Asker: 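Below: one structure in structure tokens.
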Amino acid sequence: MTCFVPRVLHYESLPSTNTEAARLAIEGADEGLAVVADEQTAGRGRLARKWSSPKGAGLYVSVLLKPKISPDYWPLLTFVSALAVGDAVREKFQLETDIKWPNDLLAGERKFCGILAEVVETGHGRAVVLGTGVNLTQAAVPPDLCDVATSISEASGQHPDRDSLLAAFLVRIEYWYSILHSEGGPDQLLSSWMSRSSYALGKSVRVRDGERTLEGVTAGLDSRGGLRLRKPTGEVVILMAGDVTNLRAVS
Ligand code: BT5
């Protein structure tokens, strides 16, 4: 089943591709619109954090989606992008990557991609803008984050071409989005995600979620994509948001 045909709108510079895609959604744009910019002057992550987006150094793209699945499963849209980036990077650069819950892709333990899914009220129903930032070259990596962030060029030793990565990414977004809408799709998506994430099971982590900080061992995902964390007491809590640190890497 094909859910949508991607249509790319390209800009030289935008404050944020997510903001532009949301604006176009409110104007009535169709599902599958992909807003791409050569640079973002106000690229953002979760909780209004900054996403470094210098000109020509990264892929900055936002895809407009109008999911027909229960909103319970909308958190899985972030996983749709994570799987699509992983596929595209493997296909184009033979690079194996890891996924860190909920929204990071890593190469050699360092982040090269972040995903930001935002819900938009459009006047003709709710839509989701699925924003993805991929560091192509080291110029995208903020100097103070060199130890924790990387780029495709550094991780693969290749010179990535943005538009061929974008084309591969959009094919895979459509694929995983179709899976999500198929019978048993959410479970299939979750198990694919789990098989590609070293963080899914048995990882000692610290999770910061607002005011609270928890430590424990990961114990898989729940049906809505929440992280199951087994605390030292044995109690399992389910987290729907947070920042995860690998405790083995810091100690
Ligand atoms: C994210 O947030 O990782 C989501 C990033 C989404 C960016 C895309 S680009 C296209 C679309 N348009 C937008 O405006 N946004 C989306 P979060 O997990 O909150 O991580 C943000 C943190 O990552 C920052 O606070 C920095 O520590 C770090 N960071 C910033 N820029 C980075 C970069 N280029 N590479 C790696 N880490 C970065």
Side-chain angles (χ1 to χ4, degrees), residues 8-25 33-65 75 77-82 84-85 88-89 97-120 127-155 160 162 165-166 169-170 173 197 199 205-210 225 227 239-246:
V8 177
L9 250 189
H10 170 252
Y11 296 74
E12 277 183 18
S13 181
L14 281 174
S16 157
T17 55
N18 265 32
T19 305
E20 180 64 4
R23 189 186 71 74
L24 293 167
L33 174 74
V35 173
V36 178
D38 297 344
E39 72 169 353
Q40 297 183 116
T41 53
R44 60 175 186 271
R46 295 172 300 156
L47 307 170
R49 295 166 182 150
K50 184 174 154 46
W51 183 257
S52 157
S53 317
K55 192 172 189 103
L59 168 62
Y60 318 117
V61 56
S62 299
V63 180
L64 175 60
L65 300 172
L77 292 166
T78 297
F79 298 176
V80 164
S81 183
V85 171
V89 164
T97 56
D98 193 5
I99 314 176
K100 187 174 79 161
W101 185 90
N103 66 323
D104 293 348
L105 266 91
L106 312 179
E109 294 271 340
R110 290 191 285 157
K111 176 168 174 171
F112 72 94
C113 167
I115 299 161
L116 178 67
E118 295 179 308
V119 175
V120 188
V128 174
V129 170
L130 186 56
T132 304
V134 180
N135 297 334
L136 296 176
T137 69
Q138 282 304 102
V141 177
D144 57 319
L145 296 180
C146 277
D147 290 349
V148 291
T150 189
S151 61
I152 288 179
S153 64
E154 185 181 59
R162 183 197 65 184
L165 180 64
L166 172 64
F169 168 70
L170 291 175
I173 277 270
S197 172
Y199 283 78
V205 295
R206 175 179 302 134
V207 186
R208 290 219 162 82
D209 177 20
L227 181 68
L239 296 156
M240 292 312 294
D243 288 299
V244 171
T245 309
N246 176 3

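Remember, predicted model here, so these are calculated numbers, not experimental data. No hydrogens, no waters, no symmetry mates; every other heavy atom, side chains included, goes into these values. Counting starts at 1 for both ligands and their atoms, in listed order.
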Asker: Identify the heavy atoms of Phe169 and Ala88 that sit nearest to each other, and give their distance.
Answerer: N-CB, 3.7 Å
Asker: Has ligand 1 got any nitrogen or oxygen that is less than 3.5 angstrom from a nitrogen or oxygen of Ser52?
Answerer: yes
Asker: How far is atom 5 (C) of ligand 1 from its nearest protein heavy atom, and which residue and atom name does that atom have?
Answerer: Trp51 CE3, 3.5 Å
Asker: For Lys55, is there any backbone N or O sitting under 3.5 Å from a side-chain donor or acceptor partner on Tyr60?
Answerer: no
Asker: Taking only heavy atoms of Asn135 into account, list the atoms of ligand 1 that are under 4.0 Å away from them.
Answerer: 33 (C), 34 (N), 35 (N), 36 (C)
Asker: So which protein heavy atom does atom 15 (N) of ligand 1 come closest to, and at what separation?
Answerer: Arg44 O, 2.8 Å
Asker: Run the numbers for me: atoms of ligand 1, each under 4.0 Å from some heavy atom of Gly43, listed by number.
Answerer: 14 (O)
Asker: Should you measure from each heavy atom of Ala149, which atoms of ligand 1 turn up under 4.0 Å away?
Answerer: 36 (C)
Asker: Tell me whether Leu47 reaches ligand 1 (any heavy atom closer than 4.0 angstrom to a ligand atom).
Answerer: no
Asker: Is a side-chain donor or acceptor of Asn18 paired with a backbone partner of Leu116 at a separation under 3.5 angstrom?
Answerer: yes
Asker: Below 4.0 Å from any atom of ligand 1, is there a heavy atom belonging to Val141?
Answerer: no
Asker: Short N/O distance, under 3.5 Å, between Gln40 and ligand 1?
Answerer: yes
Asker: Indicate yes or no for a side-chain donor-acceptor contact from Trp101 to the backbone of Gly242 under 3.5 Å, with no hydrogens or angles considered.
Answerer: no
Asker: Around atom 17 (P) of ligand 1, find the nearest protein heavy atom and jot down its residue, atom name and distance.
Answerer: Arg49 NH1, 3.6 Å
Asker: Please state which option from Val61, Leu105, Leu145, Val244 has its nearest heavy atom closest to atom 26 (C) of ligand 1.
Answerer: Leu145
Asker: For Ile115, which of Asp104, Ile99, Leu105, Leu77 qualifies under side chain to side chain contact (heavy atoms under 4.5 Å, CB included)?
Answerer: Leu105
Asker: Taking only heavy atoms of Ser62, which atoms of ligand 1 are found under 4.0 Å from at least one of them?
Answerer: 11 (C)
Asker: Can you confirm whether Arg208 is buried at CZ, in the sense that more than 12 heavy atoms of other residues, nucleotides or ligands lie under 6.0 Å from that atom?
Answerer: no
Asker: Under 3.5 Å, is there a donor-acceptor pair between the side chain of Ser153 and the main chain of Ser151?
Answerer: no
Asker: Using modelled atom types and a 3.5 Å cut-off, is there a donor and acceptor pairing between side-chain atoms of Ser52 and backbone atoms of Ala140?
Answerer: yes
Asker: Hey, does the side chain of Asn135 reach the backbone of Thr150 with a donor-acceptor pair shorter than 3.5 angstrom?
Answerer: yes
Asker: Any atoms of ligand 1 less than 4.0 Å from a non-hydrogen atom of Thr132? List them with their elements.
Answerer: 8 (C), 9 (S), 10 (C)
Asker: Passes side chain to side chain contact (heavy atoms under 4.5 Å, CB included), Val85 versus Leu59? Steps please.
Answerer: CA-CA 11 Å; Val85 171; Leu59 168 62; over 6 Å; no
Asker: Give the atom numbers and elements of ligand 1 that come within less than 4.0 Å of a heavy atom of Ala140.
Answerer: 34 (N)
Asker: Show which atoms of ligand 1 fall inside a sub-4.0 Å distance from at least one heavy-atom site of Ser16.
Answerer: 12 (N), 13 (C), 14 (O)
Asker: Nearest non-hydrogen contact with atom 1 (C) of ligand 1 belongs to which option: Thr150, Asn103, Leu116, Thr17?
Answerer: Asn103
Asker: How far is atom 8 (C) of ligand 1 from the closest protein heavy atom, and which atom is that?
Answerer: Gly133 N, 3.6 Å
Asker: Which of these passes salt bridge (Lys or Arg N to Asp or Glu O under 4.0 Å) with Asp243: Lys100, Arg206, Arg49?
Answerer: Arg49
Asker: Judged by atom type as modelled, is there a donor-acceptor pair below 3.5 Å linking the side chain of Arg110 to the main-chain atoms of Cys146?
Answerer: yes
Asker: Evaluating non-hydrogen atoms only, which member of Lys100, Lys111, Arg46, Lys50 is closest to atom 3 (O) of ligand 1?
Answerer: Lys111
Asker: Taking N or O atoms only and a 3.5 Å limit, does Tyr60 qualify as a polar contact for ligand 1?
Answerer: no
